Amino acid sequence: MSCNISPPGGEDALFKSLKPAVDRLDVEVKNVQQSQRELLVVVNGVDDEFGRIGELQNVDVDFDSYLKRILNVKRRMMALDSTTKGISDRLHRLHRKLHKDQHQST
């Protein structure tokens with residue numbers, strides 16, 4: 001014998017209360033992804049510029065250390081992008097579930 005006790009309002013109230021937070025998080029994740037794409041363009045431009053300067057001028061500045069730093073930043077950005085995509089996917093699934101459950105309860 002199972003006892004099915006649920007709080008007043010049940011899951012519907014829980015999903016309704018979570019929906020605004022999920023929507024806000026989804027927007028913020030999308031903003032972070034857009035910022036990362038813009039930053040990646042800048043990092044790639046700086047990387048190209050250092051490479052071009054190194055080829056055109058015979059200078060005593062060691063660009064390799066700067067290039068390594070830029071590539072490290074780029075690698076970390078790609079890892080962060082992968083993480084935010086995962087978060088976005090989970091938020092999207094939760095959003096769909098909230099939407100589906102909300103329509104089923106009405």
Side-chain angles (χ1 to χ4, degrees):
M1 176 182 200
S2 71
C3 182
N4 191 4
I5 300 174
S6 61
E11 287 183 7
D12 189 42
L14 176 63
F15 287 132
K16 284 181 181 177
S17 67
L18 288 175
K19 187 175 181 338
V22 169
D23 290 342
R24 280 193 309 272
L25 284 172
D26 192 38
V27 167
E28 289 301 318
V29 166
K30 287 178 183 174
N31 288 341
V32 167
Q33 288 175 322
Q34 179 61 35
S35 295
Q36 287 177 329
R37 284 189 292 270
E38 292 169 3
L39 184 57
L40 185 59
V41 169
V42 172
V43 167
N44 286 335
V46 170
D47 184 28
D48 293 343
E49 188 67 23
F50 274 141
R52 196 163 27 115
I53 290 171
E55 290 172 2
L56 294 177
Q57 297 179 0
N58 189 8
V59 292
D60 292 334
V61 178
D62 182 20
F63 285 114
D64 288 339
S65 65
Y66 294 110
L67 289 173
K68 286 178 187 177
R69 288 180 186 174
I70 289 172
L71 292 174
N72 188 32
V73 167
K74 186 176 177 179
R75 181 189 52 79
R76 287 185 291 169
M77 284 177 44
M78 299 301 270
L80 184 59
D81 184 55
S82 176
T83 301
T84 55
K85 283 180 184 176
I87 292 169
S88 180
D89 291 345
R90 286 189 293 257
L91 283 171
H92 184 67
R93 286 192 304 267
L94 182 58
H95 190 268
R96 278 195 332 252
K97 180 162 178 40
L98 289 172
H99 187 69
K100 179 183 170 186
D101 289 347
Q102 185 178 20
H103 285 291
Q104 286 179 351
S105 66
T106 56

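The structure displayed is predicted, hence computed values, not measured ones.
By the 4.5 Å heavy-atom criterion applied to side chains, N31 and E28 are counted as neighbours.
For the atom pair CD1 of I87 and CZ of R90, the computed distance is 6.0 Å after rounding to the nearest 0.5 Å. Atoms CD and CD, from Q36 and Q34 in turn, are 10.0 Å apart once rounded to the nearest 0.5 Å.
A continuous path of hydrophobic side-chain contacts links M78 to V46 [ILVMFWY only; heavy atoms under 4.5 Å].
Looking at every heavy atom in both residues, T84 comes nearest to V32 through CG2-CG1, 3.9 Å.
Looking only at atom types and distance, the side chain of R69 has no donor-acceptor partner in the side chain of N72 under 3.5 Å away.
Using a cut-off of 4.0 Å between Lys/Arg side-chain N and Asp/Glu carboxylate O, K85 and D89 are scored as not salt-bridged.
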Mind running side chain to side chain donor-acceptor pair (under 3.5 Å) on H92 and D26 for me, showing each step along the way? CA-CA 7 Å; H92 184 67; D26 192 38; 5.5 Å; no
Please evaluate residues V43 and M77 with respect to the criterion side-chain contact (heavy atoms from CB on, under 4.5 Å), reporting the C-alpha separation (whole Å), side-chain torsions for both, the decisive distance (0.1 Å), and the verdict. CA-CA 10 Å; V43 167; M77 284 177 44; 4.1 Å; yes
